[in-house]
A.B. asks: 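Let me begin by handing over the structure; questions about it come next.
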Amino acid sequence: MFQRFRRTRLNGHLRSLVRETNVSVNDFIYPLFVRSGEGIKTEVASMPGVFQMSIDEVLKECDELKKLGLYSIILFGIPDVKDSIGSDSLCEHGIIASAIRRVKEKHPDMFVVTDLCFCEYTDHGHCGIIDEENETVNNDATLEISGQQAIIHAKAGADMIAPSGMMDGIIETLRNALDEAGFENLPIMAYSTKFASGYYGPFRDVAESTPSFGDRASYQMDPANRREAIAESISDEAQGADILMVKPALAYLDIVREIKDNTSLPMAVYNVSGEYAMLKMAGAQDLIDYDRVVMETMISFKRAGADIIISYHAKEVAKMLQK
Ligand code: PBG
Ligand code: ZN
């Protein structure tokens, strides 16, 4: 009788040999939130397992990550003082520059990505400089200081810059600024397709970056627009991005696949705070088999075309993979 070659009926090595999608510890970038002080490790209520840490704690965390085989992190800074232009992020003694420097000193083998934006550093919580009269972000003024922030990261030793503010022309601006300062080989991972999303809620608790007025809809993408979303990423490729990204991940896997099919660049997804919190809370209530659902979710990212997964689940996944 005819029987289809069904891979689920296989066992052992052949089953893994013919498996189309694999998740590896090498796929992940793990986000860390750093603030000043010493011995500080504060769990975030909306994101169990995620902490704000002082730099000394980040250094210890890196030891733990390396034991799990995780060598890539993305750093977010939480400054002591916020002002209208995010001065702390433009200063070589600011929280983010200090963190990069000390991580690279103690852990030269860690790959340190930096989130480049202003919302964590401004008192109004927006991703750039605000025009007082109409309360909107001034794109071009923001581009100018973004170049300065990139140089601060680069000089401190960052291995890759990841601009997340979605300003028009940001990639070209940063590429030129970095090249001029002698950092021609420093790669840029663009948050190239970033939607205005409710899934960032818990992040704004961790980073203490909820906008004090308005929202980010003027510079982030409308979730309803597929063609515009693709065009944004393709434009960043043309401006010189080295890696493209879709964010959030889960509700936008169709976009991931479509960009992947239209670019030769590596693709990242950002599995954001709200996505993490949903699984965490459902798992804590025993509504789902947590480990199984986490792994299924990671596979869905890879299957959709992601090469890189930025995720708060990275440590848990690394532990699952070790088993
Ligand atoms: C800063 C930034 C945000 C995230 C990453 N970088 C927040 C935002 O745009 O509001 C969100 C990450 C997450 O939700 O986990 N621009
Ligand atoms: Zn921002």
Side-chain angles (χ1 to χ4, degrees), residues 29 31-36 55 58 72-108 110-124 126-130 137-192 194 207 209 219 235-245 265 268 310:
I29 300 178
L32 290 174
F33 299 90
V34 58
R35 67 180 319 152
S36 69
I55 297 178
V58 168
S72 302
I73 54 175
I74 180 163
L75 287 178
F76 295 89
I78 307 156
D80 287 335
V81 181
K82 305 193 184 208
D83 61 17
S84 63
I85 63 162
S87 305
D88 191 86
S89 69
L90 301 171
C91 162
E92 61 179 307
H93 302 296
I95 184 64
I96 191 72
S98 309
I100 300 164
R101 221 177 291 115
R102 285 184 55 196
V103 169
K104 289 304 293 186
E105 243 167 52
K106 177 95 194 293
H107 299 284
M110 290 298 287
F111 187 77
V112 177
V113 185
T114 55
D115 184 86
L116 189 152
C117 203
F118 287 94
C119 51
E120 300 129 72
Y121 305 96
T122 50
D123 48 13
H124 47 70
H126 278 282
C127 299
I129 293 186
I130 295 292
V137 170
N138 183 322
N139 193 86
D140 292 357
T142 303
L143 288 184
E144 248 180 72
I145 57 170
S146 296
Q148 291 171 34
Q149 196 183 134
I151 304 299
I152 290 283
H153 292 187
K155 284 190 172 156
D159 295 301
M160 182 156 75
I161 311 276
S164 66
M166 281 288 279
M167 298 301 139
D168 292 336
I170 184 77
I171 301 304
E172 191 177 8
T173 301
L174 295 186
R175 187 69 274 159
N176 290 338
L178 289 169
D179 289 356
E180 261 171 49
F183 297 102
E184 297 91 348
N185 294 318
L186 192 61
I188 299 175
M189 176 168 68
Y191 283 68
S192 51
K194 178 173 175 181
S209 64
Y219 41 99
S235 151
D236 281 1
E237 174 170 24
Q239 288 179 47
D242 299 288
I243 298 176
L244 302 178
M245 191 198 301
L265 292 183
I310 305 167

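The shown structure was predicted, so the numbers you read here are calculated from the model rather than taken from an experiment.
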A.B. asks: Apply side-chain contact (heavy atoms from CB on, under 4.5 Å) to Val103 and Ile73, showing your working.
C.D. replies: CA-CA 10 Å; Val103 169; Ile73 54 175; 4.2 Å; yes
A.B. asks: May I ask you to decide if Glu92's main-chain N or O and Arg101's side chain share a donor-acceptor pair within less than 3.5 Å?
C.D. replies: yes
A.B. asks: Please check: side-chain N/O of Asn139 versus main-chain N/O of Asp168, any donor-acceptor pairing under 3.5 Å?
C.D. replies: yes
A.B. asks: Which word best sums up how the rings of His126 and Tyr219 line up, parallel for under 30°, tilted for 30 to 60°, or perpendicular for over 60°?
C.D. replies: perpendicular
A.B. asks: What's the verdict on side-chain contact (heavy atoms from CB on, under 4.5 Å) for Val113 and Met189, showing C-alpha distance, side-chain angles and the deciding distance?
C.D. replies: CA-CA 9 Å; Val113 185; Met189 176 168 68; 4.0 Å; yes
A.B. asks: Is there a side-chain contact between Ile188 and Gln239 in this structure, where contact means two heavy atoms from C-beta onward sitting under 4.5 Å apart?
C.D. replies: no
A.B. asks: Do you know the tightest heavy-atom contact between Ser192 and Met166?
C.D. replies: O-SD, 3.6 Å
A.B. asks: Heavy atoms only: give me the nearest Met110-Ser72 pair and the separation to one decimal.
C.D. replies: CE-N, 4.3 Å
A.B. asks: Return yes if some donor-acceptor pair links the side-chain N/O of His153 with the main-chain N/O of Ile161 below 3.5 Å, else return no.
C.D. replies: no
A.B. asks: Do Ile145 and Leu90 make a side-chain contact, defined as non-hydrogen atoms from C-beta onward lying under 4.5 Å apart?
C.D. replies: yes
A.B. asks: Under a 3.5 Å threshold, yes or no: a donor from one side chain and an acceptor from the other, between Asp115 and Tyr191?
C.D. replies: yes
A.B. asks: Give me the atom names and distance for the closest heavy-atom approach of Ala158 to Leu186.
C.D. replies: O-CD1, 3.2 Å
A.B. asks: Roughly how far, to the nearest 0.5 Å, is the CD1 atom of Ile130 from the OG1 atom of Thr122?
C.D. replies: 7.5 Å
A.B. asks: State, with a plain yes or no, whether a side-chain heavy atom of Tyr121 is found less than 4.5 Å away from one of Asp83.
C.D. replies: no
A.B. asks: CE of Met245 to CD1 of Ile29: how many Å apart, nearest 0.5 Å?
C.D. replies: 7.0 Å
A.B. asks: Has Lys106 got more than 12 heavy atoms of other residues, nucleotides or ligands less than 6.0 Å from its NZ?
C.D. replies: yes
A.B. asks: Could you tell me whether the side chain of Cys127 reaches within less than 4.5 Å of the side chain of Val137, counting heavy atoms only?
C.D. replies: no
A.B. asks: Can you tell me how far CG of Leu174 sits from CG of Asp179, rounded to the nearest 0.5 angstrom?
C.D. replies: 10.5 Å
A.B. asks: Between CZ of Arg35 and CD1 of Ile96, what distance do you get to the nearest 0.5 Å?
C.D. replies: 13.5 Å
A.B. asks: Return the minimal non-hydrogen interatomic distance between Ile129 and Ala141, and the atom names on each side.
C.D. replies: CD1-O, 4.0 Å
A.B. asks: Should Phe76 and Leu32 count as side-chain neighbours, where that means a heavy-atom distance under 4.5 Å?
C.D. replies: no
A.B. asks: Check for a donor-acceptor pair, side chain of Asp88 on one end and backbone N or O of Ile95 on the other, with a separation under 3.5 Å.
C.D. replies: yes
A.B. asks: Decide yes or no on side-chain contact (heavy atoms from CB on, under 4.5 Å) for Ile152 and Ser89, but give the supporting numbers first.
C.D. replies: CA-CA 8 Å; Ile152 290 283; Ser89 69; over 6 Å; no
A.B. asks: Is the backbone N or O of Ser164 less than 3.5 Å from a side-chain atom of Lys194, with the two atoms forming a donor-acceptor pair by type?
C.D. replies: yes
A.B. asks: When you measure from the side chain of Thr173 to the backbone of Leu143, do you find a donor-acceptor pair of N or O atoms at a distance under 3.5 Å?
C.D. replies: no
A.B. asks: Considering all heavy atoms of both residues, which atom of Ile170 and which atom of Pro163 are nearest to each other, and what is their separation?
C.D. replies: CG1-CB, 4.0 Å
A.B. asks: If you apply the rule side-chain contact (heavy atoms from CB on, under 4.5 Å), what do you find for Ile100 with Thr114, and how did you get there?
C.D. replies: CA-CA 8 Å; Ile100 300 164; Thr114 55; 3.4 Å; yes
A.B. asks: Search all heavy atoms of Pro31 against all heavy atoms of Ile310 and return the closest pair with its distance.
C.D. replies: CG-CG2, 4.1 Å
A.B. asks: Could you tell me the separation between the CG atom of Leu116 and the CD atom of Gln149, rounded to the nearest 0.5 Å?
C.D. replies: 4.0 Å
A.B. asks: May I ask you to say whether Asp159 pairs ionically with Lys104, meaning some side-chain N is under 4.0 Å from a carboxylate O?
C.D. replies: yes
A.B. asks: Supply the atom-to-atom distance Leu244 CG to Leu265 CG, rounded to the nearest 0.5 angstrom.
C.D. replies: 4.5 Å
A.B. asks: Is the closest side-chain donor-acceptor distance between Ser209 and Glu120 under 3.5 Å?
C.D. replies: no
